[in-house]
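Because only heavy atoms are used, hydrogens play no part in the values below, and waters and symmetry mates are left out as well, while side chains stay in.
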Amino acid sequence: MLMQAGRKAAEGAAMVARLYFLAALIVAGSVAILGSIRIEFASWHSMHLAILLDPLSAIMLLLVSFLGLIVTHYAVNYLDGDERQAIFSRWLILTLSSVLVLVVSSNLLLFTIAWISTSLSLHQLLTFYRKRAAAVMAARKKFIISRLADACMVTALALVWQGHGTWEFHTLFANPAGPNSGLIASLFVAAAMLKSAQFPFHSWLPDTLETPTPVSALMHAGIINAGGFLIIRLSPLVTQSTAALNTLALLGAFTALFASVIMMTQTSIKKSLAWSTVSQMGFMMLQCGLGAFSLAMMHIVAHSLYKAHAFLSSGSVVNITRSAWAPVGRPAAHPLVVMGSLGISIMIGFGIAAAFGITLQNDPGHLLLVTVFIMAMAHLLWTLWSSSMRQRLILRGVSIVTLATASSFALHAAFEHALSGSVSMYAPTRSYAEQVIMIMIGLLFLAVLVFQSQLPAWAARPAFVRLYVHASNGFYLGTLFNRVTRKWVA
C-alpha cells in the first residue's frame, strides 16, 4: 500500500508538471501576441503580490516547465518501489514550483522569497538518501554556500528599499541609479556567483552525485541557472557597477577554464558532467560580465536541454565522452594543423561576425566572446584534421565550422531581438583596466586551447602526470571545504 501511494504521488507530481507546461505554453503565446503583461493579485501599502510575464520570463517558464515535465515523468519509474517516493515527489514539485515563482516574480521581495525557497526545498532532495555520508556532506556544503547567497540577497533587498522605497521591478528598472547602487550590484553579483558554483565556491556541485538522477538532472539543467537568471533579470541594477561586472567576467572565465581542465581528468561519467556544468556556468557568468545578457540567456537554454538529456541518459554517453576527451590513442596535433585550424576559424568567425554588425568599436565584449567561440571551432577542426588531412575531411571541417558559426550568430540575433525590451543594453567601455581584463581572458582561453592540442604529447611527462593527479582531485579545494564544513556543522 505504501509503495502504491508513492507511485500515485509521483504520478500526481507528473500531472502537476504537465499543467505547468501547458500554462507556460499559454503564457508564451499571450506574450508573443500582447507583449509584456503584469498581473497584480493583492497589495499592502507599497508591497504588491504580482507576476511579470515578459519575453524573458516566458522563455524561462517554457524551459523550466519542460524540464520539470521530463524529470517528473522520469522519476515515476526511477523511484518506483522506494518507500519514500511520495516524500520525494512532494519536495520535487515544491522545488519546481519555487523556481517557476522565481521566474515570474515582478518584484524583488517575491524574487528573494522564491530564491530562498528553491534552495531550502532542493536541500531536502539532496539529502534524500540520508545514510549516504557523501550526499549529506555535499548537501551541507551547498546549504552553507546558499545561506551566504541568501544573506547577499536579503542585504541587497534592504538597501534597495532604503534607496528607492520600492521593490517593484518596473519602477526600479526605470530609475536604476540611486544610493548604494554600486554596493547593491556587487551583492547581486556575489549572490549569483555563490548560487552558480563559481570558483572558489564550486566544490559542492560535483559532490552532489549521490542524489537520485532526477535531482541531478533538474539541478544541473535548471536550478543551477538561477544565478545567471538573477543577473539577466536584474541587469538594469547590476550594470550600475562596472567593477562588479569586471569581477564577474574575470572569475567566470577562470572558473570555466579551471573546471574544464579538471573535467578532462575525470573517469566517472557523472563527475565529468558535473565539472562540465561548473565550466558552463563560468562561461555564462563571463557572458553576463561582458554585458552579453541575451547570449547568456541563449546559453542557459542550450545548456539546460543538453545537460538534462546527458544526465537522464548518462549510461549511453560513456563511450562518447571517452572518445571525446581521453588523450590515450589520439596523436598530438601538429603545430601547423593547430595554426591552420585557428587561421581558418578566425576568417570564418570574424567574417560572419562582421556580417552581423559586431565590431571592436561598437561591441568589444561581444567580440571577445566571438574570439572564444573561434577557439572552440579551431579545437573542433584540429580534432578532425589531426587524424587525416584528406580533401574530404578538410571540406567537411570547413563546412561544419561555417554552419555552426552562422547558426550560433543567427540564434544570438534571435534571442537579442526577443529580449530587447527585457534586458539592459550594456557594452564594456574601452578603459585601460577593461582592456587588460579582456586580453587576460583571451590569453587564458588560448592557453587552454594549446594545452588541449598538445595533451597527448605531454601525457607521459612526469610533470604532467603529477598535474593530472592533482587535477583529478580538483586541486583539493573540495577536501579543504569539507574540513571547514565539518568544523562549522560540528
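- S345 approaches M377 most closely through the heavy-atom pair OG-C, 3.5 Å.
- Every residue was checked against the side-chain hydrogen bond (donor to acceptor under 3.5 Å, both in side chains) condition with S341, not counting sequence neighbours, and none meets it.
- Annotation: side chain of L251 is in contact with side chain of M193 (closest heavy-atom distance under 4.5 Å).
- Contact record, I231 with F188: CD1-O, 4.1 Å, taken as the closest heavy-atom pair.
- Here the closest heavy-atom approach between residue L187 and residue C152 is recorded as O-CB, 3.6 Å.
- Not counting sequence neighbours, H73 has no partner by the ring-ring contact (aromatic ring centres under 6.0 Å, His included) test.
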* **Derivation and outcome, side-chain contact (heavy atoms from CB on, under 4.5 Å), residues V401 and I344** => CA-CA 9 Å; V401 168; I344 291 174; 5.8 Å; no

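- Taking the six-membered ring where tryptophan is involved, the planes of F409 and F373 are perpendicular, since the angle between them exceeds 60° and thus also 30°.
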* **side-chain contact (heavy atoms from CB on, under 4.5 Å) assessment of L125 paired with L92** => CA-CA 7 Å; L125 294 173; L92 182 62; 4.1 Å; yes

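- Judged by distance alone, the side chain of T402 and the main-chain N or O of V398 form a donor-acceptor pair under 3.5 Å.
- The list of ring pair (Phe, Tyr, Trp, His ring centres under 6.0 Å) pairs with a residue in residues 233-262, not counting sequence neighbours, reads F199-F254, F199-F258, H202-F258, F254-F258, F258-F475.
- In this structure, I223 CD1 and F229 CZ are separated by 14.0 Å, a value rounded to the nearest 0.5 Å.
- Residues satisfying the side-chain hydrogen bond (donor to acceptor under 3.5 Å, both in side chains) criterion with S121, sequence neighbours excluded, are T95.
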* Output, in order, the C-alpha distance, side-chain angles, deciding distance and verdict of side chain to side chain donor-acceptor pair (under 3.5 Å) for S146 and S119. => CA-CA 7 Å; S146 294; S119 176; 3.3 Å; yes

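- Side-chain contact check for F21 versus L25: some heavy-atom pair is nearer than 4.5 Å.
- The heavy-atom pair separating Q240 from S181 by the smallest distance is CB-CB, 4.0 Å.
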* What do the steps show when you test I39 against I37 for side-chain contact (heavy atoms from CB on, under 4.5 Å), and what is the final call? -> CA-CA 6 Å; I39 304 174; I37 306 168; 3.9 Å; yes

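- With hydrogens and angles disregarded, no donor-acceptor distance shorter than 3.5 Å links the side chain of S117 to the backbone of A114.
- Here salt bridge (charged side-chain N to carboxylate O under 4.0 Å, His left out) pairs that include residues 224-240, with residues two or more places apart or in two chains, are D54-R233.
- Contact between A13 and I93 at its shortest, heavy atoms only, is O-CD1, 3.5 Å.
- Counting only residues at least two apart or in different chains, salt bridge (charged side-chain N to carboxylate O under 4.0 Å, His left out) contacts with residues 251-261 are absent.
- Expressed to the nearest 0.5 Å, how far CD1 of I441 lies from CG of L257 amounts to 9.5 Å.
- To the nearest 0.5 angstrom, L290 atom CG is 4.5 Å from L286 atom CG.
- For the atom pair CE (M375) and CG (L342), the distance works out to 7.0 Å, reported to the nearest 0.5 Å.
- We find the CG-OG1 distance between L108 and T171 to be 12.5 Å, quoted to the nearest 0.5 Å.
- In this structure a side-chain-to-backbone donor-acceptor pair under 3.5 Å is missing from S408 to T405.
- Remark: L245 CG to C288 SG distance equals 9.0 Å, nearest 0.5 Å.
- Heavy atoms from other residues, nucleotides or ligands lying under 6.0 Å from OH of Y74 number more than 12.
- In this structure a side-chain-to-backbone donor-acceptor pair under 3.5 Å is missing from W204 to I145.
- For W115, the side-chain hydrogen bond (donor to acceptor under 3.5 Å, both in side chains) partners are D150, not counting sequence neighbours.
- Contacts of D207 classified as salt bridge (charged side-chain N to carboxylate O under 4.0 Å, His left out), with partners at least two apart in sequence or in another chain: K141, K271.
- R38 pairs by the salt bridge (charged side-chain N to carboxylate O under 4.0 Å, His left out) definition with E40, E168, not counting sequence neighbours.
- Side-chain contact between V101 and F111 is absent, with no heavy-atom pair separated by less than 4.5 Å.
- For H299, the side-chain contact (heavy atoms from CB on, under 4.5 Å) partners two or more places apart in sequence, or in a different chain, are Q280, F283, M284, Q287, H303.
- A 4.5 Å side-chain heavy-atom check between W167 and L110 finds every atom pair outside the cut-off.
- No donor-acceptor contact under 3.5 angstrom links the side chains of N225 and S196, judged on distance only.
- When atom types are taken as modelled, the side chain of T239 and the backbone of P236 share a donor-acceptor pair closer than 3.5 angstrom.
- Under a 3.5 Å cut-off, the side chain of T255 and the backbone N or O of Q198 do not form any donor-acceptor pair.
- Pairing each heavy atom of A353 with each of V370, the nearest pair is CB-CG1, 4.1 Å.
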* To do: Apply side-chain contact (heavy atoms from CB on, under 4.5 Å) to K195 and L230, showing your working.
  => CA-CA 10 Å; K195 191 79 166 183; L230 164 68; over 6 Å; no

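- Side-chain contact between N246 and L250 is absent, with no heavy atoms from C-beta onward closer than 4.5 Å.
- Using modelled atom types, no side-chain atom of S65 and backbone atom of A24 make a donor-acceptor pair closer than 3.5 Å.
- Partners of S276 according to the side-chain hydrogen bond (donor to acceptor under 3.5 Å, both in side chains) rule, which considers only residues two or more places apart in sequence or in another chain, are K307.
- With contacts defined as side-chain heavy-atom distances shorter than 4.5 Å, the pair E416/L295 does not qualify.
- Applying the ring-ring contact (aromatic ring centres under 6.0 Å, His included) criterion to Y20, with sequence neighbours excluded, gives no partner residue.
- I51 has its side chain out of reach of S105: every pair of non-hydrogen atoms, C-beta onward, lies at least 4.5 Å apart.
- Put simply, the side chain of F415 reaches to within 4.5 Å of the side chain of I59, judged on heavy atoms.
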